[in-house]
**Q** 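Right, I'll just put the structure down here and ask away after.
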Amino acid sequence: MSQDSPDHATQSTPEPTDVAFIGLGVMGYPMAGHLAAAGHRVTVFNRTTSVAQRWSDEHPGTIATTPSNAADEAEIVFMCVGADNDVRAVAYGDDGALAAMSEGSILVDHTTASADLARELSDEGAARGVGFVDAPVSGGEAGARSGVLTVMCGGAAEHFERARPVIDAYARAVTLIGPAGSGQLTKMVNQICIAGLVQALSEGLEFGRRAGLDLDAVLDTISQGAAGSWQMSNRGTTMMADEFDFGFAVDWMRKDLGIVLSEAQRNGARLPVTALVDQYYKRIGELGGGRWDTSSLIALLRPPDHQS
């Protein structure tokens with residue numbers, strides 16, 4: 001049975017904890033900042049040292065020179081890096097986090113990665129007496145900065161319950177879905193749903209534009225009905241203005257959809273819409289929009305003289 005964190009308004013302040021945060025990208029940087037603001041003792045590691053130094057200038061905390069140095073004496077080690085290979089690079093080896101983690105500590109991976117990697121890390125941790133929780137997030141850069149991410153977790157209940165009060169520093173909801181890998185599989189479901197929704201929203205808005213409708217009025221109306229969604233409320237207006245600089249990038253979405261489609265090949269799931277939208281995102285990248293946000297799908301529906 002899944003377990004959820006309480007609403008922020010009813011949460012008690014957890015005891016200060018020695019934590020490490022590995023990976024200070026657009027998500028990890030503010031997430032680590034929320035941990036420091038919550039009173040936890042934070043040690044950070046980032047491959048680009050200047051980023052870690054900038055974080056340290058803005059927040060109380062310590063800079064480590066390697067992942068193992070960061071993880072030494074940490075009760076909980078958080079990772080938020082790019083993909084499976086990046087996770088392995090910071091988790092394994094003499095300089096990796098696992099090499100320095102003590103028995104009874106917990107490794108939490110916020111990277112969106114494969115479920116197979118989550119199970120692998122869980123097994124490796126168990127052999128060392130280290131707990132593991134795969135905990136990919138949803139909410140984008142804005143959610144990370146505001147501290148209202150949705151965190152979907154896989155792992156043992158005892159490890160989840162110890163990590164959850166600390167994760168609450170940057171989360172609106174933290175849910176244990178099931179055993180190791182369940183968090184990553186849930187994130188795949190999340191990305192499948194988003195991909196199809198953004199394509200449908202793009203087609204609807206472009207249809208309305210070509211029909212000569214007042215799209216502001218259309219959005220105000222249909223967002224209050226069955227068609228309403230977070231994407232419509234937060235991206236509809238910017239999509240109409242061909243503004244695509246709001247959070248989660250096309251390149252990142254393609255990485256995630258690659259993980260989704262690989263898992264679907266393994267489990268036999270049929271994902272025709274997801275596979276098609278993945279190819280649309282590929283086309284966006286070929287047009288130079290790899291760093292545009294995912295709402296840029298609408299650009300493919302515009303006439304050439306209207307595209308960004």
Side-chain angles (χ1 to χ4, degrees), residues 4 7-8 26-27 30 112 136-152 170-175 186-257 259-261 271-285 287 289-304 306-308:
D4 298 287
D7 184 86
H8 266 281
V26 295
M27 302 292 288
T112 296
V137 303
S138 180
E141 182 180 357
R145 290 188 178 280
S146 300
V148 292
L149 292 170
T150 296
V151 188
M152 46 212 88
Y170 44 78
R172 173 170 53 194
V174 187
T175 306
T186 303
K187 181 61 181 287
M188 294 178 208
V189 174
N190 186 78
Q191 301 307 72
I192 291 167
C193 295
I194 289 174
L197 193 156
V198 175
Q199 178 62 23
L201 179 57
S202 299
E203 293 180 12
L205 289 175
E206 181 60 9
F207 176 90
R209 186 187 71 82
R210 290 174 183 257
L213 296 174
D214 179 340
L215 290 183
D216 288 323
V218 169
L219 285 175
D220 285 344
T221 301
I222 68 173
S223 65
Q224 301 176 60
S229 67
W230 184 96
Q231 295 287 341
M232 181 178 291
S233 297
N234 290 272
R235 294 290 176 264
T237 301
T238 56
M239 289 168 73
M240 292 187 299
D242 291 334
E243 297 174 357
F244 308 126
D245 190 26
F246 300 92
F248 198 66
V250 165
D251 287 342
W252 302 338
M253 185 60 152
R254 288 219 68 214
K255 184 267 290 185
D256 289 2
L257 293 182
I259 294 171
V260 166
L261 295 170
L271 305 178
V273 173
T274 304
L276 183 62
V277 175
D278 178 57
Q279 291 304 299
Y280 291 157
Y281 279 128
K282 178 182 179 182
R283 179 60 180 147
I284 292 288
L287 292 173
R291 303 302 295 179
W292 294 349
D293 72 64
T294 51
S295 71
S296 58
L297 283 174
I298 196 170
L300 296 181
L301 305 176
R302 303 293 205 205
H306 193 80
Q307 291 181 5
S308 297

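Remember, predicted model here, so these are calculated numbers, not experimental data.
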**Q** Tell me, with the steps shown, if F246 and E141 meet side-chain contact (heavy atoms from CB on, under 4.5 Å).
**A** CA-CA 9 Å; F246 300 92; E141 182 180 357; over 6 Å; no

**Q** Do F248 and D293 touch side chain to side chain, with heavy atoms closer than 4.5 Å?
**A**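 Contact flag for F248/D293 side chains = no.
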
**Q** If you define the side chain from C-beta out and look only at heavy atoms, does anything of R283 sit under 4.5 Å from Q279?
**A**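 Not in contact.
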
**Q** I need the single residue from V26, L257, T112, T294 that forms a side-chain contact (heavy atoms from CB on, under 4.5 Å) with W252. Which is it?
**A**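 It is V26; the other options fail the test.
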
**Q** Rounded to the nearest 0.5 Å, what's the gap from OG1 on T237 to CG on L215? Could you check?
**A**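 Between T237 OG1 and L215 CG, I get 9.5 Å after rounding to 0.5 Å.
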
**Q** Is the shortest heavy-atom distance from the side chain of T175 to the side chain of T150 under 4.5 Å?
**A**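 With C-beta onward as the side chain, the pair stays apart.
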
**Q** Once rounded to the nearest 0.5 Å, what's the spacing between atom OG of S138 and atom CH2 of W230?
**A**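 The distance works out to 8.5 Å.
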
**Q** Show your working on side-chain contact (heavy atoms from CB on, under 4.5 Å) between L297 and V250 and close with a plain yes or no.
**A** CA-CA 9 Å; L297 283 174; V250 165; over 6 Å; no

**Q** Calculate, to the nearest 0.5 Å, the distance between atoms CH2 and CG belonging to W292 and D245 respectively.
**A**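 Reported value, rounded in 0.5 Å steps: 11.5 Å.
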
**Q** Please tell me if the side chains of D251 and R254 come closer than 4.5 Å, counting only heavy atoms from C-beta onward.
**A**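 Side chain of D251 against side chain of R254, heavy atoms only: no contact under 4.5 Å found.
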
**Q** I'd like to check Y170 versus P30 (side-chain heavy atoms, cut-off strictly below 4.5 Å). Are they in contact?
**A**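 Of all side-chain heavy-atom pairs linking P30 with Y170, none is under 4.5 Å.
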
**Q** Tell me, with the steps shown, if D278 and L261 meet side-chain contact (heavy atoms from CB on, under 4.5 Å).
**A** CA-CA 9 Å; D278 178 57; L261 295 170; 3.9 Å; yes

**Q** Look up atom CE in M239 and atom CD in E206, then write down how far apart they are to the nearest 0.5 Å.
**A**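 Reported value, rounded in 0.5 Å steps: 10.0 Å.
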
**Q** Taking C-beta and beyond as the side chain, do M27 and V137 meet within less than 4.5 Å on heavy atoms?
**A**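 They are in side-chain contact.
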
**Q** What closest approach, in Å, do T221 and A217 show between heavy atoms, and which atom pair accounts for it?
**A**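 T221 and A217 have their closest heavy atoms at OG1-O, 2.8 Å.
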
**Q** State whether the number of non-hydrogen atoms from other residues, nucleotides or ligands found under 6.0 Å of D214 atom CG is greater than 12.
**A**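 Above 12, so yes.
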
**Q** May I ask you to decide if R235's main-chain N or O and T238's side chain share a donor-acceptor pair within less than 3.5 Å?
**A**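 Present.
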
**Q** Can you give me every donor-acceptor pair (side chain of residues 188-205, partner residue at least two apart or in another chain, under 3.5 Å) with its distance?
**A**
unit_1	atom_1	unit_2	atom_2	d
Q191	NE2	D256	OD2	2.9
Q199	NE2	E203	OE2	2.8
S202	OG	V198	O	2.8
S202	OG	I298	N	3.3

**Q** Shortest non-hydrogen contact from I284 to A299?
**A**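 Taking I284 first and A299 second, the nearest heavy atoms are CD1-CB, 4.3 Å.
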
**Q** Could you tell me if the side chain of R291 sits less than 4.5 Å from the side chain of S296, heavy atoms only?
**A**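 Result no, sub-4.5 Å side-chain heavy-atom pair not found.
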
**Q** Any carboxylate oxygen within less than 4.0 angstrom of a Lys/Arg side-chain nitrogen, looking at R302 and D242?
**A**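 Result for this pair is yes, salt bridge flagged.
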
